[in-house]
Amino acid sequence: MIRVSGNLRIFQTEMRRLQMLDVVIVGAGPAGLSASVYAKRAALKALTLERDGMGGGQLAEAVQVENYPGFAQISGFNLAQAMRRHAEALGGAFETGEVSHVVQKQSHWEVQCADGTQYEARTVIAAAGTRRRKLEVPGEEQYAGHGVSYCATCDGAFFRGKTVAVIGGADTAVDDALYLSDLVETVYLVHRRDTLRANRRRQELLRTKRNVVCLWNTVVLAIHGKDQVTAFTTDTQGVKRTIPVDGVFIAVGAVPYTDWLPPETARDAAGYLLAGEDGKTNLPGLFAGGDIRHKPLRQAVTAVADGACCVASAEQYLHEKSKTPI
Ligand code: NAP
């Protein structure tokens, strides 16, 4: 990561707040980082906003990525860091800031952050991704951070030698179960169906793990504990059981991060943004790419492509606007 001195950084932040940017990219996962690279190459005045200063989005939490061309095997964190370094090496600008809302003005967008910082830009690229879906059972909220986790790679080490449950039956749940099986004594993989929906190669690997116990056709009714999680109750086709565990990892999918966008932004029934392959939404000057977009395949490789397409569309939009008399 390129480091700048404190005073220079404050000066740069101030400059970005005062000037009209060509594009603000909201999110620094694969779509946002790719957009940052393409924006820089297109010589646009661009700023990428990231929620927590870590960047990488959910990619950074992936234990092992085996489907990103050019890397037979790489950790999600390292891949995300490589993308980030690439953007920074080209001079891509990043600020930490959680966008609370964006407002469309006549000729530009106002981008408002939760801490009160405001930016102005001619276009906005929504690349904020998704956040983990909640299971919504009693005890989940109460024990979040006290045995209930949504990130195996972040929290798995706290459960070394213990017993945990992973809830879900698709890619994230299987990846989490695989990762945790190398750390903990026993993993219960709890799925509401009798078959998994995860990548077949990973399913085969899962079958070789002696300490992973699959609970099929099983739903979670509640999570229990004192200061920390101690057990969870399941229902397997009418048969209820309370099973002692030290941790519960919830991997039941994601919901798009779109609360900050105007209500009139077109979405599908699940809340994903309706934008074409070119990233164009129904609002002029607003483009959407990555997992936040309605699409058939949510992967790092499709997110990266989206980021590039959004910048190409933003460039075209800016070019056409520059020809329109005010
Ligand atoms: P997902 O594909 O949406 O799957 C969610 C899983 O949770 C499904 O098994 C679903 O059950 C289950 N589920 C949903 N709501 C539930 C509830 N209320 N109670 C119990 N179970 C519930 O989510 P994901 O696994 O997080 O994957 C998200 C995206 O990221 C996918 O496109 C995936 O391919 C991608 N991803 C890729 C990789 C990789 O390539 N290495 C790794 C992780 C994620 P049903 O099966 O019954 O619907």
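Numbering of ligands and ligand atoms starts at 1, following listing order. We number each residue from 1, following the sequence as shown. None of the values given here were measured: they were computed from a predicted structure.
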SB check [X] [Y] (cutoff 4.0 Å):
X    : Y    : result
R131 : D259 : yes
D175 : R202 : yes
K105 : E120 : no
K40  : E88  : no
D22  : K45  : no

Discussion item. I'd like to know whether CD of Q64 has more than 12 heavy-atom contacts from other residues, nucleotides or ligands below 6.0 angstrom.
Written reply: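 Atom CD in Q64 is crowded, with more than 12 foreign heavy atoms closer than 6.0 Å.
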Worksheet item: Taking it one step at a time, do Y119 and L49 satisfy side-chain contact (heavy atoms from CB on, under 4.5 Å)?
Response: CA-CA 10 Å; Y119 300 94; L49 291 172; 3.8 Å; yes
Below 4.0 Å from any atom of ligand 1, is there a heavy atom belonging to [X]?
X    : answer
A62  : no
H191 : yes
V65  : no

Worksheet item: Which is closest to atom 42 (C) of ligand 1 by heavy-atom distance: D291, T195, D175, L196?
Response: D175
Discussion item. Could you work out, for atom 12 (C) of ligand 1, the closest of V255, L297, V252 by heavy-atom distance?
Written reply: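 Checking each option, the heavy atom nearest atom 12 (C) of ligand 1 is found in V252.
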Do [X] and [Y] make a side-chain contact, defined as non-hydrogen atoms from C-beta onward lying under 4.5 Å apart?
X    : Y    : value
T153 : F77  : no
V301 : V304 : no
T163 : V184 : no

Any N/O pair [X]/ligand 1 closer than 3.5 Å:
X    : answer
A170 : yes
G168 : no
Q64  : no

Taking 4.0 angstrom as the limit and counting only heavy atoms of [X], give me the atoms of ligand 1 inside it, by number and element.
X    : answer
N67  : 40 (O)
R298 : 30 (O), 32 (O), 35 (C)
T172 : 24 (P), 25 (O), 26 (O), 27 (O), 43 (C), 44 (C)
Q299 : 34 (O), 35 (C), 37 (C), 40 (O)

In the protein, which heavy atom is nearest to [atom], and how far is it?
atom                    : answer
atom 3 (O) of ligand 1  : G253 CA, 3.7 Å
atom 36 (N) of ligand 1 : D171 CB, 3.8 Å
atom 17 (C) of ligand 1 : R192 NH1, 3.4 Å
atom 46 (O) of ligand 1 : R197 NE, 3.1 Å
atom 45 (P) of ligand 1 : R193 NE, 3.3 Å
atom 9 (O) of ligand 1  : G169 N, 3.0 Å

Please work out whether any backbone atom (N, CA, C, O) or any side-chain heavy atom from C-beta onward of [X] is under 4.0 Å from ligand 1, and answer side chain, backbone, both or neither.
X    : answer
L135 : side chain
A198 : neither
R202 : neither

Worksheet entry | N67 and Q299: side chain donor to acceptor below 3.5 Å |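 The answer is yes; a qualifying pair exists.
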Worksheet item: Under 30°, 30 to 60°, or over 60°: which ring-plane class applies to Y188 and F232, parallel, tilted or perpendicular?
Response: tilted
Worksheet entry | Closest non-hydrogen atom pair, Y143 against G225 | OH-O, 2.8 Å
